[in-house]
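Here the structure comes first, spelled out in C-alpha cells, and everything after it is commentary.
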Amino acid sequence: MISSRSTAAGRTLRAVRDTPAPVTYGLIALCCVLFALGPASGLVPGYGTGDALLAAQRAYFRHWGVVPAELFDGPAGAALTPATALFVHGSWVHLLGNMLFLFVFGAMTEERMGRVEFTLFYVGCGCGALLGYAVANAASGQSLVGASGAVSAVLGAFLYLFPRARVTSLLPFLFFLPLRFPAWVVLPCWAALQWLAAQRAPDGPGVAYLAHLVGFGLGFGYAWVRYGRRRGTRGDAGGAVVGDGRATRVKGAPAPVTEGERQP
C-alpha cells in the first residue's frame, strides 16, 4: 500500500514538474488545499457550525490575514501576514474566481518569465498589493485575505508581455454574444472598472479594489522595467471567455476579474 502511494505521488510530482507552468498549477493546488482545510470551506467538522464556525472563521482570518491597524504597530508576527494572506480565501467564490484567472493568465506569464522569477514576482507583487492597501487604510481593523493582488499583478504583466493576445468576452448586455478583443482593450477596461469601484466602495467588509489596482500596477511596471522592448507578443496566442464575473480557458491563456476580500 505504501509503495503504491509513493509511486502515485512520484508520478504526480513528475507530471507537475514536466508541465510548462508548474508554479502556476502548484499555487492553485496549494490555495485549494489550504482553503479546504480551513474554516471558510465548511468541510472540516472540527470547526463546528453556526456561531462557532463564524467565530473560527474570524479568528482564522485575523491570524493569517493582514490587519492594517496591527501591521505597522502590532506584534512582530504581523509583519509576515502579507505573505500568509496570499494563500487564504474567504469563500468558495473568492477562491474559484482567483484561481480561475491565475489558471488562465498565469501559465503564459510563467513561461515567459521562468519558474523562479515568476514565483518571486507573484509573491513580491502580491505582498506589495496588500501593503499598499494597508498603507492607504492604516486605521482599519478589518482582515484582508486572498491572492487577488498577486493575480492582478499577473494580469498587469500579461498586458505588457502579450498585449495582442485575443480575449473572447461574453457581454451580458449583448445577450452573451462571444466577441474577441485584444488584451490591450480588455485589461485596461478591467483596471478602469476596479478604479471606479474603489471610488464607490463602502467602509467595512467587502472587496478590496485598491489592492487589485496596486497589484495590477506593480505587475505592469515590473514587466515594463524588466523586459522593455524585448517582450514577446504572440498575437492570437490564447483565448479566454469572460462574462458575468466568470471565465473559461479555451485555447491557451488570457482574461480579467479577481476578488480580494476584506473579512469581518
Side-chain angles (χ1 to χ4, degrees), residues 23-24 26-35 37-40 57-91 94-95 97-99 101-102 105-106 109-110 113 115-157 191 194 198 201 203-223 225-226 258-264:
V23 175
T24 296
L27 288 169
I28 292 171
L30 178 60
C31 287
C32 290
V33 169
L34 291 178
F35 179 79
L37 296 177
Q57 290 174 352
R58 293 190 187 100
Y60 184 80
F61 296 140
R62 194 166 191 87
H63 181 74
W64 297 110
V66 174
V67 180
E70 298 178 359
L71 184 60
F72 305 109
D73 189 20
L80 299 177
T81 56
T84 59
L86 292 178
F87 303 97
V88 178
H89 290 82
S91 68
H94 189 198
L95 172 74
N98 278 335
M99 295 305 99
F101 286 101
L102 178 57
F105 286 93
T109 306
E110 179 184 344
M113 291 184 175
R115 299 174 183 181
V116 175
E117 182 179 350
F118 179 77
T119 302
L120 296 176
F121 164 81
Y122 181 89
V123 175
C125 288
C127 290
L130 293 171
L131 286 172
Y133 177 88
V135 170
N137 298 271
S140 175
Q142 302 291 338
S143 302
L144 181 65
V145 299
S148 304
V151 174
S152 297
V154 173
L155 302 187
Q194 300 302 299
D203 294 332
V207 179
Y209 295 105
L210 179 60
H212 299 183
L213 289 171
V214 174
F216 187 85
L218 288 174
F220 185 87
Y222 176 86
V225 172
R226 172 70 174 82
T258 58
E259 182 181 355
E261 240 174 66
R262 281 174 284 160
Q263 297 299 329

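Everything numeric here is computed off the predicted structure, so don't read it as measured data.
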When the ring planes of Phe220 and Phe216 are compared, do they come out parallel, tilted or perpendicular, using 30° and 60° as the limits? parallel
For a quick test of reading the model, state the closest non-hydrogen atom pair linking [X] to [Y] and the distance between them.
{"X": "Glu117", "Y": "Met113", "answer": "OE1-O, 3.1 Å"}
{"X": "Gly146", "Y": "His94", "answer": "CA-CE1, 3.7 Å"}
{"X": "Val67", "Y": "Arg62", "answer": "CG1-NH2, 3.9 Å"}
{"X": "Leu210", "Y": "Ala136", "answer": "CD2-CB, 3.4 Å"}
{"X": "Leu144", "Y": "Ala85", "answer": "O-CB, 3.6 Å"}
{"X": "Gly90", "Y": "Ala40", "answer": "O-CB, 3.7 Å"}

Any heavy-atom pair between the side chains of [Y] and [X] that's under 4.5 Å?
{"X": "Phe118", "Y": "Thr109", "result": "yes"}
{"X": "Thr84", "Y": "Thr81", "result": "yes"}
{"X": "Leu102", "Y": "Tyr122", "result": "yes"}
{"X": "Leu71", "Y": "Leu131", "result": "yes"}

Say whether, by atom type as modelled, one donor and one acceptor occur between the side chain of [X] and the main chain of [Y] under 3.5 angstrom.
{"X": "Ser140", "Y": "Asn137", "answer": "no"}
{"X": "His63", "Y": "Ala59", "answer": "no"}
{"X": "Glu110", "Y": "Arg115", "answer": "no"}

Please walk me through it: do Val66 and Tyr133 pass side chain to side chain contact (heavy atoms under 4.5 Å, CB included)? CA-CA 10 Å; Val66 174; Tyr133 177 88; over 6 Å; no
One should read off an interatomic distance between Leu34 CG and His89 NE2, to the nearest 0.5 angstrom, of 10.0 Å
Measuring from atom CG of Leu213 to atom OG of Ser152, what distance do you get when rounded to the nearest 0.5 angstrom? 8.0 Å
Test side chain to side chain contact (heavy atoms under 4.5 Å, CB included) applied to Leu130 and Leu86, step by step: CA-CA 9 Å; Leu130 293 171; Leu86 292 178; 3.9 Å; yes
The test is side chain to side chain contact (heavy atoms under 4.5 Å, CB included); show your working for Phe35 and Val88 and say whether it passes. CA-CA 7 Å; Phe35 179 79; Val88 178; over 6 Å; no
Check against side chain to side chain contact (heavy atoms under 4.5 Å, CB included), Ser91 and Leu95: CA-CA 6 Å; Ser91 68; Leu95 172 74; over 6 Å; no
Ring pair (Phe, Tyr, Trp, His ring centres under 6.0 Å) partners of Phe121, counting only residues at least two apart: Tyr222
